[in-house]
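A short worksheet on the structure shown next.
Letters A, B, ... mirror the listed sequences (proteins, then strands); counts begin at 1.
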Number of protein chains: 2
Amino acid sequence: MDEMIPIKLAEFFKILSDQTRLKILMLLSKKECNVSEIQASIGTSQSTVSHQLRILRQANLVKYSKVGKKVFYQLYDKHVSVIINFAIEHLLEGDGKIA
Amino acid sequence: MDEMIPIKLAEFFKILSDQTRLKILMLLSKKECNVSEIQASIGTSQSTVSHQLRILRQANLVKYSKVGKKVFYQLYDKHVSVIINFAIEHLLEGDGKIA
DNA sequence: ACTAAACATGAACATATATTCATAAAAGAG
DNA sequence: CTCTTTTATGAATATATGTTCATGTTTAGT
């Protein structure tokens, strides 16, 4: 079981290692959004947003609900945003360097 | 400045998104090690360890000191191990899923 | 029924990444 | 000085990844 930890951990961090996905997660940590809103907020193509949302869905980091033509996404739970905020705090402690 | 956060954050998580690097960091969070010890502990080639150590060095996540022929690595500071442990705790709260 | 809006998906492409292999560099042993 | 140990590095390769482009699907409006 213990040997699975680095594997699972790497999978988890890999999902957080992309700007687009991070922007989506940080946006959803503030409020539920539909795809168009996400697209407008982070400023990339609709296709890219949808592709990245799929990855976030498959990792159970987000869930969605359809309302008419629109699909609203929200964080699956608070775990991710807590970890992201935690990382931000610690990153800001170091001045210029990455950590 | 604020727009740099997702970028820096993604860079940071990208470094944590590899099994080999995570194993190295988790090992170094317990004790200082030289390259041979790291290699033996995580069970991969010397070349791979050196390559990944270089990435960790460039990200300022580890520092080293030479003692004779050996090079001892340690974590640059506690930030990384805190974040990793934090992520582990939160990952373990979810049962099977990745988060 | 037709059209437009909102979203998803597949293929293609370019780029990034990790490992392996071979070799170099540094330092101690004899 | 020569040989071995320890570590680093460069090139090559295979694989993974993110975006774009084109198209499909669903739903609403008229």
Taking [atom1] from [X] and [atom2] from [N], how many angstroms apart are they, rounded to a whole number?
X: Lys14(B); N: dA16(C); atom1: NZ; atom2: P; result: 9 Å
X: Arg54(B); N: dA11(D); atom1: CZ; atom2: C1'; result: 12 Å
X: Ile15(A); N: dT17(D); atom1: CD1; atom2: P; result: 10 Å
X: Leu53(A); N: dC7(C); atom1: CG; atom2: P; result: 10 Å
X: Leu56(A); N: dT9(C); atom1: CG; atom2: P; result: 14 Å
X: Gln58(B); N: dA18(C); atom1: CD; atom2: P; result: 12 Å
X: Lys69(B); N: dA8(D); atom1: NZ; atom2: C1'; result: 15 Å
X: Gln52(A); N: dT20(D); atom1: CD; atom2: P; result: 11 Å

Requested in this report: Scan Leu16(B), Thr20(B), Ile15(B) and name whichever one has a side chain to side chain contact (heavy atoms under 4.5 Å, CB included) with Asp18(B).
Outcome: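 The passing option is Thr20(B).
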Requested in this report: Might you work through the side chain to side chain contact (heavy atoms under 4.5 Å, CB included) test for Ile5(B) and Met26(A), ending with a clear yes or no?
Outcome: CA-CA 10 Å; Ile5(B) 289 187; Met26(A) 291 170 77; 3.9 Å; yes
Query raised in the report: NA contact type, Phe72(B), heavy-atom cut-off 4.0 Å: base, sugar-phosphate, or nothing?
Result: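 If one applies the 4.0 Å heavy-atom cut-off, Phe72(B) turns out to touch nothing in the nucleic acid.
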Requested in this report: Using only heavy-atom distances, determine whether the side chains of Tyr76(A) and Arg57(A) contain a donor-acceptor pair under 3.5 Å.
Outcome: no
Query raised in the report: Can Gln46(A) and Ser50(A) be counted as having a side-chain donor-acceptor contact under 3.5 angstrom?
Result: yes
**Report entry** Selected nucleotide, minimal atom distance to Ser50(B) side chain, candidates dT17(C), dT9(D), dT17(D)
**Finding:** dT9(D)
Query raised in the report: Looking at the side chain of Thr48(B), which of dT19(C), dT6(D), dG18(D) is the nearest nucleotide?
Result: dT19(C)
Query raised in the report: Taking all non-hydrogen atoms of both residues, which atom of Leu56(B) and which atom of Arg21(B) are closest, and how far apart?
Result: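 Taking Leu56(B) first and Arg21(B) second, the nearest heavy atoms are CD2-CD, 3.9 Å.
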[X] side chain near [N] phosphate (N/O to OP1/OP2, under 4.0 Å):
X: Lys66(A); N: dC7(C); result: no
X: Arg57(A); N: dT9(C); result: yes
X: Tyr73(A); N: dA6(C); result: no

Query raised in the report: With hydrophobic residues grouped by side-chain heavy-atom distances under 4.5 Å, do Ile55(A) and Ile38(A) end up in a single group?
Result: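 Each belongs to a different hydrophobic cluster.
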Query raised in the report: Relative to the 5' end of DNA chain D, which residue comes earlier, His51(A) or Lys70(B), by the nucleotide with the nearest heavy atom?
Result: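 It is Lys70(B), whose closest nucleotide lies nearer the 5' terminus.
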Query raised in the report: For Phe86(A), does its backbone N or O pair with a side-chain atom of Glu89(A) as donor and acceptor, under 3.5 Å?
Result: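 No, the answer is negative, given that no donor and acceptor are paired below the 3.5 Å cut-off.
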**Report entry** Interface with DNA chain C, restricted to residues 20-46 of chain B and to heavy atoms under 4.0 Å
**Finding:** Thr20(B), Arg21(B), Ser45(B)
Query raised in the report: Do Ser47(B) and dT9(D) have a side chain to base donor-acceptor pair shorter than 3.5 Å?
Result: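 Per atom types, the contact qualifies.
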